[in-house]
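Okay, so here's the structure we're looking at.
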Amino acid sequence: MPISFVKKYSKLILVVWLLLSALGVVGALQLNGAVKAGGFNDENGTSFVGQEVNEHAFGDPANQLTVVLNSDSSISSEVLDNVSTGIETLPNIDSVIDGRALASLSSDSGKTQILQVGVAADNTTTQNMIPDLRDRVETAVEGEDVTSHVTGAPALDYDLNIQSQQDALRAEIIAFPLLILVLLLIYRAVGPTLVTLLVAGACLIGTQGIGTLLASFLDVSNMYITAASLIGLAVSVDYCLFLIARYKEFLIAGHPPEDALRRATNTAGHSIRFGGLSVIAALCALFIARNMVFSSIAMAGIVVTSIALLALATLVPAAIMLLGDRFFFGKLPGYEKTMRAPEDEEKRTSSLPLKSPLLAVVLIAVPLLIAATPLASIKLQVPVASSSILPAGMDSREGIEIIESELNARELFPTMVTFAGTEGQSAQELNAEVEEFLADIEEVRHVDQVFASGTPAEQYSPYPLSAEKEGRAYKRVVITSTDLPDSDAAHEMVADIKKAADEYPDTFVSGATAQGDDFDRLVQKSIPWIVGFVLLISLLLLGWAFRSWRLATLAVVLNGLVVSAAMGCLSLLWKAVTGEAINSVTPIVVFAIVFGLSMDYMVLMASRMKEQFASGSTHRDAIAEGVAHTSRLIISAAIIMIGVFLSFMVAEISIIQELGLGLAMAVALDALIVRPILLPATLALLGEKVWGKTQSTSSN
């Protein structure tokens with residue numbers, strides 16, 4: 001936006017931002033109740049279709065909750081009756097089944113009892129029932145030596161939603177004091193620190209307010225809140241730092257304030273705009289997966305980055321214009337040092353990678369490639385029917401843990417293969433298909449029990465196996481694994497079952513593990529398209545920004561190296577510390593976010609180098625001068641980002657911890673190693689042709 005316009009309407013701009021922020025607060029206060037939990041599934045996968053077929057043909061409930069009762073002594077029938085009565089008074093209750101009707105729901109000692117609660121409602125409605133259901137059950141066992149827990153997929157999602165909101169708030173409470181401290185150390189003045197924090201606050205509030213609006217007509221995951229904080233704090237603070245630092249640099253050079261601001265918006269502002277556009281473009285790739293979690297992360301990042309770009313074009317310049325000489329008020333010790341231009345000694349120090357560029361490239365690139373090698377064996381697997389994603393002490397997690405320790409949890413999470421007969425096909429003909437399928441799966445790995453109509457095990461099946469609906473016959477085979485539904489063994493079993501079921505028409509594989517497998521397949525199928533889109537759009541944007549295909553290609557290669565090394569290190573470290581593989585969501589989300597954020601550093605540093613080269617500096621001098629003028633700024637920005645990302649390590653949800661640690665590692669590698677060392681060394685090897693068309697007539 002022209003500085004003349006900002007100068008003329010600076011007060012109006014501030015008033016508009018205040019009004020928009022006030023509206024944002026109203027929307028932000030409603031966001032927690034508007035977002036949805038879960039979403040780690042493929043709603044277009046065969047497991048969801050199979051679930052709908054089972055609801056239609058066999059009368060399976062749309063949703064199911066599990067009430068777990070545990071005691072030091074045998075739980076009486078009277079207690080079970082009281083709990084059942086309390087549950088049945090709730091709306092949308094379809095059925096309540098306990099161990100008296102199904103032996104697998106009771107432990108041998110009778111000290112642990114399960115009540116399976118069928119709910120005739122969608123997932124959101126079922127989640128909203130959780131608090132009331134827990135209250136009813138606790139009231140029913142009051143006075144008894146019995147503890148109660150409500151678990152199951154909707155309960156796990158509900159607790160995940162509550163915990164993620166608490167985690168985001170806790171991380172922000174840690175991040176903002178940290179930001180204040182770091183910004184004061186960088187700016188050495190209160191004025192720019194306050195402006196930067198106000199911009200960050202406006203970005204978060206605006207994004208949360210818009211999130212509530214989006215949730216009124218779209219499914220928005222609770223990961224929207226986390227992504228808004230993760231990405232929003234990083235980009236808003238960094239962009240302010242870039243612009244204000246360049247503004248100060250022009251002031252040091254003797255330019256009047258208005259001219260200094262104009263020059264800053266034309267140089268650093270240009271880099272910010274392209275950097276922000278790169279972040280937005282990279283995040284757009286997440287929509288390819290067509291999944292609520294990925295789409296919500298993308299929406300949060302796109303909205304908060306767009307607001308940050310708007311604030312940098314209007315709000316920050318308006319604040320500078322209004323405050324004038326008072327913009328840097330509240331000067332702290334050391335402020336005068338920040339007003340000095342870079343010295344020749346700093347330039348020579350920054351030129352060290354240029355003395356032996358090939359050696360520098362080898363010393364940096366080889367270790368990064370080695371760090372990326374764990375990616376070759378990474379296992380993309382989302383937790384299913386698992387409480388491990390939640391912190392200890394959460395009600396739904398405790399319920400799952402009791403089931404796993406006291407009962408056969410495998411029977412509560414079976415895999416179902418449903419055969420839908422074609423029109424006119426008899427039950428006998430469909431039975432023949434089922435018998436053929438049973439013969440096919442005799443060699444399937446990790447199968448424990450198989451329940452099918454016409455077999456001796458049919459009478460022990462906890463589920464109906466045959467049905468006829470609207471003139472069509474339906475059959476299903478219920479299979480349990482030798483291990484828990486979240487195990488590698490269960491996933492291998494489901495993969496083999498799906499392969500066998502593909503040979504039969506109108507056959508659907510469903511169940512918790514099958515849903516997880518569908519999601520993992522969705523991620524694996526989306527990765528090439530997401531990666532390809534990000535690489536292509538980055539090449540196009542950077543080629544346009546730099547007017548050099550060599551520089552654009554180099555930026556993409558370096559970014560890819562950073563992300564690969566960071567994800568390799570994260571995978572190795574996470575496995576060593578927790579014993580578990582990282583969530584299948586983590587790699588692709590970190591890739592999209594880091595690829596966009598890394599472009600900020602690349603554009604800022606390379607633009608400054610090209611600017612120096614175009615002004616007449618030699619190729620190597622331009623590189624050295626660009627590093628000297630930007631490396632300290634980039635490291636300062638990186639410290640802010642790393643602090644923000646690491647603050648999310650206080651989260652108690654594992655995937656948020658993974659994202660925070662992965663992003664922090666990637667930014668650290670990028671800003672502390674790749675940009676100040678590998679980038680200038682590589683540019684030196686490539687020669688001055690890397691800059692493309694410039695006005696320079698200098699030679700190397």
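For the numbers below, each heavy atom of this structure counts, side chains included, while hydrogens, waters and symmetry mates do not. In this chain, residues are counted from 1 in sequence order.
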Q) Is it true that a side-chain atom of Thr586 and a backbone atom of Ile582 form a donor plus acceptor pair closer than 3.5 Å? A) no
Q: Check the side chains of Thr196 and Tyr187 for a donor-acceptor pair under 3.5 angstrom, ignoring hydrogens and angles.
A: yes
Q: Over all heavy atoms of both residues, which pair between Ala566 and Gly662 is shortest? Give the atoms and the distance, please.
A: CB-O, 4.2 Å
Q) For the atom pair CG (Asp518) and CD (Glu43), what is the distance rounded to the nearest 0.5 Å? A) 11.5 Å
Q | Check: Gly211 main-chain N/O paired with Tyr224 side-chain donor or acceptor under 3.5 Å | A | yes
Q. Can you name the closest pair of heavy atoms from Leu243 and Gly269 and give their distance?
A. CD1-N, 4.3 Å
**Q.** Check: Met609 and Glu625 side chains under 4.5 Å, non-hydrogen atoms
**A.** no
Q) Hey, mind stepping through Ile653 and Ile656 against side-chain contact (heavy atoms from CB on, under 4.5 Å) and telling me if it holds? A) CA-CA 6 Å; Ile653 295 176; Ile656 296 178; 4.2 Å; yes
(Q) Are the side chains of Leu633 and Arg246 in contact, using a 4.5 Å heavy-atom criterion? (A) no
Q: Any chance you could lay out the side-chain contact (heavy atoms from CB on, under 4.5 Å) test for His619 and Val690, step after step, and finish with the verdict?
A: CA-CA 10 Å; His619 176 58; Val690 74; 4.1 Å; yes
Q) According to the interplanar angle, ranging from 0 to 90°, do the rings of His270 and Phe274 count as parallel (below 30°), tilted (30 to 60°) or perpendicular (above 60°)? A) perpendicular
Q: Report yes if the side chains of Glu172 and Leu204 come closer than 4.5 Å at any heavy-atom pair, otherwise no.
A: yes
Q) Considering only heavy atoms from C-beta outward, does the side chain of Leu363 approach that of Pro367 to under 4.5 Å? A) no
Q. Ser295 side chain to Met292 main-chain N or O, any donor-acceptor pair under 3.5 Å?
A. no
Q.
Rounded at 0.5 Å granularity, tell me how far OG in Ser47 sits from CD in Gln515.
A. 4.5 Å
Q) Out of curiosity, Lys248 NZ to Ile320 CD1, how far, rounded to the nearest 0.5 Å? A) 11.5 Å
(Q) Between Thr305 and Ile302 (side chain of the first, backbone of the second, donor and acceptor by atom type, cut-off under 3.5 Å), is there such a pair? (A) no
Q: Taking the side chain as every heavy atom from C-beta outward, state whether Leu659 and Val585 have any pair of such atoms under 4.5 Å apart.
A: no
Q | Between Thr267 and Glu611: side-chain donor-acceptor atoms closer than 3.5 Å | A | no
Q: Test Arg608 against Glu249 for salt bridge (charged side-chain N to carboxylate O under 4.0 Å, His left out), laying out the working first.
A: CA-CA 13 Å; Arg608 190 59 180 269; Glu249 186 179 324; 2.3 Å; yes
**Q.** Between CG on residue Asp238 and CG on residue Asp600, distance to nearest 0.5 Å
**A.** 7.0 Å
Q: Might you point out which heavy atoms bring Gly206 and Ile307 nearest each other, and give the distance in Å?
A: C-CD1, 3.7 Å
Q.
In terms of relative ring orientation, are Phe250 and His255 parallel, tilted or perpendicular, with 30° and 60° separating the classes?
A. perpendicular
Q) Where the side chain of Lys610 meets the backbone of Trp691, is there a donor-acceptor pair that is under 3.5 Å apart? A) yes
Q) Where the side chain of Thr373 meets the backbone of Ile370, is there a donor-acceptor pair that is under 3.5 Å apart? A) yes
Q: Find out whether Leu678 and Ile673 are in side-chain contact, i.e. whether some heavy atom of one side chain is under 4.5 Å from a heavy atom of the other.
A: no
Q: Please lay out, stage by stage, how Phe648 and Gln657 fare under the test side-chain contact (heavy atoms from CB on, under 4.5 Å).
A: CA-CA 6 Å; Phe648 282 81; Gln657 294 175 338; over 6 Å; no
Q) Nearest 0.5 Å, what's the OG1-OH distance between Thr314 and Tyr9? A) 15.0 Å
Q.
As a quick check of understanding, evaluate side-chain contact (heavy atoms from CB on, under 4.5 Å) for Val556 and Phe595, giving each step before the final call.
A. CA-CA 8 Å; Val556 168; Phe595 219 90; 4.0 Å; yes
Q. Donor-acceptor pair, Arg620 side chain versus Leu354 backbone, under 3.5 Å?
A. yes
(Q) With a 4.0 Å cut-off on N to O distance, would you call Asp42 and Arg521 a salt bridge? (A) no
Q) What distance separates Trp549 CH2 from Leu542 CG, expressed to the nearest 0.5 Å? A) 14.5 Å
Q.
Looking at every non-hydrogen atom in both residues, tell me the closest pair between Gln612 and Gly626 and how far apart they are.
A. CG-N, 4.5 Å
Q) Is the backbone N or O of Leu561 less than 3.5 Å from a side-chain atom of Ser564, with the two atoms forming a donor-acceptor pair by type? A) no
Q. Which heavy atom of Thr212 sits nearest a heavy atom of Gly27, and at what distance?
A. OG1-O, 2.5 Å
**Q.** Polar side-chain atom of Ser221 near backbone of Val293 as donor-acceptor pair, under 3.5 Å
**A.** no
**Q.** Any side-chain heavy-atom pair of Val674 and Leu368 under 4.5 Å
**A.** yes
**Q.** Heavy-atom closest pair, residues Ala311 and Val199
**A.** CB-CG1, 3.9 Å
Q) Does Leu646 reach the side chain of Met649, with side-chain heavy atoms less than 4.5 Å apart? A) yes
Q) Looking only at atom types and distance, does a side-chain atom of Ser571 sit under 3.5 Å from a main-chain N or O of Gly568, one as donor and one as acceptor? A) no
